[in-house]
Each structure stands twice: as structure tokens, then as C-alpha cells.
Amino acid sequence: AILAPLAFPFSLPPETSTPPSLLWDVHRPHNITDDHVCLVIVVDVASTATVIMATSSDPRHPGKAILDGEDGTYWMTTGMYPQEFTLKLQREKPLTKIRIASLNIRHLKVDACFAGQAATQWTQLQAVEFEDRHGSVQSEILTVPNAEPIALLRFVIASGWQDFSAVYKINLVANDA
């Protein structure tokens, strides 16, 4: 069996020749035999999604920084909770995981608007409480329980460990096998 763990957080190791638009993670789900593997593509979100709404707007830390692929940029809340942002996928597809690098998020809710639904119809995918990392980056992997193609993702930060929270990067994992 071939196992290749994904480099985390969100960057390719310098020795890899994989194009920056794709990261590969080969794994074997519990119901697949040793003779089979599944290929999971981690999509470069900047080329496949856009931030269409963010409740906080600081010109030094805009919503689009979540998807820009730059290590030193991030979106920051401007105080008061809840805060939220919405991603529009360029191509509707089923997702298996969402990887998020953040700071000071306590409660996060992730909702999806599935392909063919009105943008007012949201289904909750996850509601999680992040561990307090006391000022260090929170790296979380959220499992997407539904295999339907997703058009929009809404991230609602219901509360934080501090007055302000930040989202550094988001990666979407799609099972295209």
C-alpha cells in the first residue's frame, strides 16, 4: 500500500516537483483492501474559489487573504462575534475535508449550499470547538459528512478565545477518485 501524508500547513516541501496548484494525498479508507488505494486531491483554493463575503473588513487583512497562498497574510475579525465569511467554489464538487489554519477561534460552524440550491438554503456540515492555543496557530482538519457537490461554503466564527480572531489559510480536499 502507498501512503503519502499531506504536507501541512498548506505548502509544498521544496524537494517536490508537484505543481503548486495541486497537492496529493494517497490513502486507504477502512473498507478498501490492500490492493487498492484512493487518490485524494487537495485543491489550491485560490484558483478554485473566491471569498464573496466577509463581515469584517480591514484593508491590511482582507477576506481574500484566506485564499491568496501567501504565508504572511490573513483575514482578521474586527471584534465582536459572530463573524463570518463565504467561499464560492468555481466548480461545484463534493468535498471530503476542509483544512483551516487560524488563530483564537473558539466555536466555528461550517455550512454548505449544495449545487442547485438557492443561496439562502444552508446545511450545517460541522460545528466545532477549537482548542485554545494561547496565541499559536490552530491547524484543524474538518471532515465533510456529505458527498453532494458544494457550491458555497459559509464559515461562522461564533466565538473566540480573544477579542479578535484570524484565518490564515483554507484548503479544500476533494475526493476525485
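Here the structure is a predicted model, which means the values were calculated and not measured. Below, all heavy atoms of this structure are taken into account, side chains as well, without hydrogens, waters or symmetry copies. Here, residue 1 is the first one in the sequence, and each next residue gets the next number.
- Under the 4.5 Å side-chain heavy-atom criterion for Ile, Leu, Val, Met, Phe, Trp and Tyr, Leu152 and Phe155 are members of distinct hydrophobic clusters.
- The CZ atom of Phe85 sits 8.0 Å away from atom CG of Leu67, with the distance rounded to the nearest 0.5 Å.
- Heavy-atom neighbours of Met80 CE from other residues, nucleotides or ligands within 6.0 Å: at or below the threshold of 12.
- To the nearest 0.5 Å, the span separating CD1 on Ile105 from CG on Asp132 amounts to 12.5 Å.
- Taking the charged nitrogens against the carboxylate oxygens, Glu140 and Arg133 do have a contact shorter than 4.0 Å, which makes a salt bridge.
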*side chain to side chain contact (heavy atoms under 4.5 Å, CB included) between Phe130 and Arg106, intermediate numbers included*: CA-CA 5 Å; Phe130 289 5; Arg106 185 171 187 165; over 6 Å; no
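- Residues Leu153 and Ile170 fail the side-chain proximity criterion, which asks for heavy atoms closer than 4.5 Å.
- Of all heavy-atom pairs spanning Gln138 and Asn104, the tightest one is OE1-N, 3.2 Å.
- Across every non-hydrogen atom of Cys113 and Ala119, the tightest pair is SG-CA, 3.9 Å.
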*asked:* If you apply the rule salt bridge (charged side-chain N to carboxylate O under 4.0 Å, His left out), what do you find for Lys169 with Asp68, and how did you get there?
replied: CA-CA 8 Å; Lys169 299 292 168 258; Asp68 67 8; 3.2 Å; yes
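- Side chains of Leu95 and Ile150 form a contact here, defined as non-hydrogen atoms less than 4.5 Å apart.
- Counting all heavy atoms, side chain and backbone alike, Pro149 lies closest to Glu92 at CB-C, 4.1 Å.
- The side-chain contact (heavy atoms from CB on, under 4.5 Å) search around Pro59 returns none, not counting sequence neighbours.
- Lys64 pairs by the side-chain contact (heavy atoms from CB on, under 4.5 Å) definition with Pro62, not counting sequence neighbours.
- Transitive grouping of hydrophobic side chains (ILVMFWY, heavy atoms separated by less than 4.5 Å) brings Val51 and Ile98 into a common cluster.
- A side-chain contact (heavy atoms from CB on, under 4.5 Å) with Lys97 holds for exactly one of Asn171, Leu172, Val173; it is Val173.
- Ile100 contributes atom CD1, which lies 11.5 Å from atom CD of Gln126 (distance to the nearest 0.5 angstrom).
- Under the 4.5 Å side-chain contact rule for hydrophobic residues, Ile66 and Ile52 do not share a cluster.
- Trp122 pairs with exactly one of Val110, Asp111, Val156 by the side-chain contact (heavy atoms from CB on, under 4.5 Å) rule, that one being Asp111.
- Put simply, Leu142 and Leu103 are part of two different groups of oily side chains (I, L, V, M, F, W, Y) that touch within less than 4.5 Å, one to the next.
- The minimum heavy-atom distance linking Thr73 with Glu70 is given by the pair OG1-O, 3.3 Å.
- Under the side chain to side chain donor-acceptor pair (under 3.5 Å) criterion, the residue pairs touching residues 75-86 are Thr55-Gln83, Ser56-Thr78, Ser56-Gln83, Tyr81-Ser165, with sequence neighbours excluded.
- Residues His107 and Val128 have side chains not in contact (no heavy-atom distance under 4.5 Å, counting atoms from C-beta outward).
- The line from CD of Glu131 to OG of Ser136 is 10.0 Å long, rounded to the nearest 0.5 Å.
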*Dump the intermediate steps for side chain to side chain contact (heavy atoms under 4.5 Å, CB included) on Tyr168 and Val137, then the final yes or no.*
CA-CA 9 Å; Tyr168 293 99; Val137 174; 4.0 Å; yes
*Full working for side chain to side chain contact (heavy atoms under 4.5 Å, CB included) between Val167 and Tyr74*: CA-CA 6 Å; Val167 178; Tyr74 55 91; over 6 Å; no
